[in-house]
Amino acid sequence: MLPIYEGLVGKVAVITGGSGVLCQAMAKELARQGMKIAILNRNVENGEKVAEEIIGHGGIAIAVGCDVLKEKHVKEAYKIVKKELGECDLLINGAGGNHPDAITDKEKFEAGDIDDNTVKSFFDLQLNGFDHVFQLNLVGSLIPTQVFAQNMATRGGNVINISSMAAPAPMTKVPAYSAAKAGIDNLTKWLSVHFAEVGIRVNAIAPGFFLTNQNRNLLLNEDGSLSNRAEKIINHTPQRRFGNPEDLLGTLLWLADDNTSGFVTGITVPVDGGFMAYSGV
Ligand code: NAD
């Protein structure tokens, strides 16, 4: 069990996508640390399940239905959080994901793919898919930051974005997701500089590979065995396993608490079992 980080006790954490696999683990741990948790999720019922679990363990949590791409929703969520829990001290921009129309079937283009109707090549990708992925991963972090960091500008605060291993080197098949997450790393740095003098720290966590809803189709075959892509990932991960959501929590607490990372801003921390360090040979 992780130690208690005194700097977090009694503060308010807002977590977008907080009922997702990775961010619900974060929500539960931050609640255990004594933070008051607001889960902002498109699907409020899923958020409520996580909030109920937290409350069942003696924590404080609310769930707010909120599409992070709708500024009106986010502004409404801000009012609810302020009324129920107080001003936001920590914003985690966790909502993110992919779209089938922005994913190629093959890792590399082969002659003949253009004429093959059964293969979705780069040339078959749909702008709506690309747009969706850019909106969700990049603009979906921008809007909540605009809304929730406004009050932080007068009292300090903390923003943690969620990047990916697709950011430093793009991953095959997912060009939109890779570019959007590279945008997250870039935006993280930009925001950290912009807000440094008013005491808002902005960092990102880049998870390695975790088996979750968003990538299940890419990583598992229909019979549940590892796909070729998953085998490749494990072979490229020196620790030779997928991450567990709990693997992110130590880094999260360190970044969230001013006492432990008060002079850290503008970085993306890989939590990846060595994936990023490994050249493959
Ligand atoms: P997940 O699909 O379990 O969670 C994503 C959550 O975001 C869901 O609760 C979903 O309802 C919510 N969401 C989606 N669109 C939304 C919207 N418009 N408004 C509000 N909420 C919305 O996925 P996860 O793997 O837990 O992903 C969490 C974050 O981690 C994402 O940003 C993802 O890109 C990133 N990530 C995941 C992995 C991995 O291996 N799973 C690796 C690197 C980065």
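Bear in mind the structure is a predicted one, so any value in this text is a computation, not a measurement. Ligands are counted one by one from 1 in listed order, and the atoms in each one are counted from 1 as well.
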Chemist: So which heavy atom in the protein is nearest atom 28 (C) of ligand 1, and how far is it from that ligand atom?
Modeler: G94 O, 3.4 Å

Chemist: Regarding E53 and K28, does a basic nitrogen lie under 4.0 Å from an acidic carboxylate oxygen?
Modeler: yes

Chemist: Which ligand 1 atoms, with their elements, are less than 4.0 angstrom from a heavy-atom of C66?
Modeler: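 That gives atoms 19 (N), 20 (C) of ligand 1.
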
Chemist: Which ligand 1 atoms are under 4.0 Å away from a heavy-atom of S19?
Modeler: 9 (O)

Chemist: What protein heavy atom sits nearest atom 22 (C) of ligand 1, and how far away is it?
Modeler: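 Going by distance alone, atom 22 (C) of ligand 1 is nearest to A95 CB, 3.7 Å.
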
Chemist: Will you find, in the side chains of N161 and N93, an N or O donor that is under 3.5 Å from an N or O acceptor?
Modeler: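 Yes.
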
Chemist: Which of the numbered atoms in ligand 1 are under 4.0 angstrom from any heavy atom belonging to G17?
Modeler: 6 (C), 7 (O), 9 (O), 12 (C)

Chemist: So among T16, T268, I92, which one has a side chain to side chain contact (heavy atoms under 4.5 Å, CB included) with I162?
Modeler: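 With I162 as partner, T16, T268, I92 yield a single side chain to side chain contact (heavy atoms under 4.5 Å, CB included), made by I92.
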
Chemist: Charged N to carboxylate O below 4.0 Å: is that the case for K49 and E52?
Modeler: no

Chemist: Any atoms of ligand 1 less than 4.0 Å from a non-hydrogen atom of D67? List them with their elements.
Modeler: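 Ligand 1 atoms under the 4.0 Å threshold to D67: 17 (C), 18 (N), 19 (N).
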
Chemist: Evaluate D247 against R241 for salt bridge (Lys or Arg N to Asp or Glu O under 4.0 Å), listing each step before the verdict.
Modeler: CA-CA 12 Å; D247 289 322; R241 66 170 175 88; 2.8 Å; yes

Chemist: Would you mind running through ligand 1 and noting each atom that sits below 4.0 Å from a heavy atom of F210?
Modeler: 39 (C), 40 (O), 41 (N)

Chemist: Suppose we measure from atom 19 (N) of ligand 1 to each protein heavy atom; which comes out shortest, and what is that distance?
Modeler: V68 N, 3.0 Å

Chemist: Which heavy atom of E84 sits nearest a heavy atom of I62, and at what distance?
Modeler: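 Scanning both residues, the minimum pair turns out to be CB-CD1, 3.9 Å.
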
Chemist: Tell me, please: is G140 in heavy-atom contact with ligand 1, that is, under 4.0 Å?
Modeler: no

Chemist: Work out whether the distance between some heavy atom of K70 and some atom of ligand 1 is less than 4.0 Å.
Modeler: no

Chemist: Can you find a side-chain donor-acceptor pair between Q150 and Q146 that sits under 3.5 Å?
Modeler: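 No, no side-chain donor-acceptor pair sits under 3.5 Å.
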
Chemist: Check contact between L136 and ligand 1, using heavy atoms of the residue and a distance below 4.0 angstrom.
Modeler: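 Yes, L136 has heavy atoms under 4.0 Å from ligand 1.
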
Chemist: Do me a favour and list the nearest non-hydrogen protein atom to atom 14 (C) of ligand 1 with residue, atom name and distance?
Modeler: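 That would be R42 NH2, 3.5 Å.
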
Chemist: Would you confirm whether the ring centroid of F148 sits within less than 6.0 angstrom of the ring centroid of Y78?
Modeler: yes

Chemist: Counting non-hydrogen protein atoms only, what is the nearest one to atom 27 (O) of ligand 1? Give residue, atom name and distance.
Modeler: Q214 OE1, 3.5 Å

Chemist: Which is it for K173 and E107 under the salt bridge (Lys or Arg N to Asp or Glu O under 4.0 Å) test, yes or no, and what are the steps along the way?
Modeler: CA-CA 5 Å; K173 291 190 173 186; E107 294 189 348; 5.5 Å; no

Chemist: Closer than 4.0 Å to some heavy atom of S163 - which atoms of ligand 1 meet that?
Modeler: 43 (C), 44 (C)

Chemist: Just heavy atoms, cut-off under 4.0 Å: does K181 contact ligand 1 by side chain, backbone, both, or neither?
Modeler: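 For K181, the contact with ligand 1 is made by the side chain alone.
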
Chemist: Which ligand 1 atoms does G208 reach within 4.0 Å, using its non-hydrogen atoms?
Modeler: 40 (O), 42 (C), 43 (C)

Chemist: Contact between I162 and ligand 1, counting heavy atoms under 4.0 Å?
Modeler: yes

Chemist: Counting only heavy atoms not in N228, do more than 12 fall under 6.0 Å of its CG?
Modeler: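 No, the 6.0 Å shell around CG holds no more than 12 heavy atoms from other groups.
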
Chemist: Polar contacts were defined as any N/O atom of the residue lying under 3.5 Å from an N/O atom of the ligand; does this apply to L69 and ligand 1?
Modeler: no

Chemist: Quick one: look up the protein heavy atom nearest atom 43 (C) of ligand 1 and list residue, atom name and how far away it is.
Modeler: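 That would be P207 O, 3.5 Å.
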
Chemist: For atom 4 (O) of ligand 1, which candidate among G47, G20, A167 holds the nearest heavy atom?
Modeler: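 Ranked by closest heavy atom to atom 4 (O) of ligand 1, first place is G20.
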
Chemist: Determine the minimum heavy-atom distance between L248 and M26, stating which atoms define it.
Modeler: CD1-CE, 3.9 Å

Chemist: Tell me which protein heavy atom sits closest to atom 25 (O) of ligand 1, plus the residue, atom name and distance to 0.1 Å.
Modeler: T212 OG1, 2.8 Å

Chemist: Mark the output for F242 as yes if a heavy-atom distance to ligand 1 is under 4.0 Å, and as no if none is.
Modeler: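 No, that is not the case, since the closest heavy atom of the residue is not under 4.0 Å from the ligand.
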
Chemist: Which of the numbered atoms in ligand 1 are under 4.0 angstrom from any heavy atom belonging to N41?
Modeler: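 Counting atoms of ligand 1 from 1, those under 4.0 Å from N41 are 9 (O), 11 (O).
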
Chemist: What is the nearest protein non-hydrogen atom to atom 38 (C) of ligand 1, stated with its residue, atom name and distance?
Modeler: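 Going by distance alone, atom 38 (C) of ligand 1 is nearest to L22 CD1, 3.9 Å.
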
Chemist: Which of parallel (below 30°), tilted (30 to 60°) and perpendicular (above 60°) describes F123 and F109?
Modeler: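 Ring orientation, 0 to 90° scale: perpendicular.
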
Chemist: Would you call R201 and D258 a salt bridge, taking side-chain N to carboxylate O under 4.0 Å as the test?
Modeler: yes

Chemist: Using side-chain heavy atoms (C-beta onward) and a distance below 4.5 Å, is M35 in contact with L90?
Modeler: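 Yes. Closest side-chain heavy atoms under 4.5 Å.
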
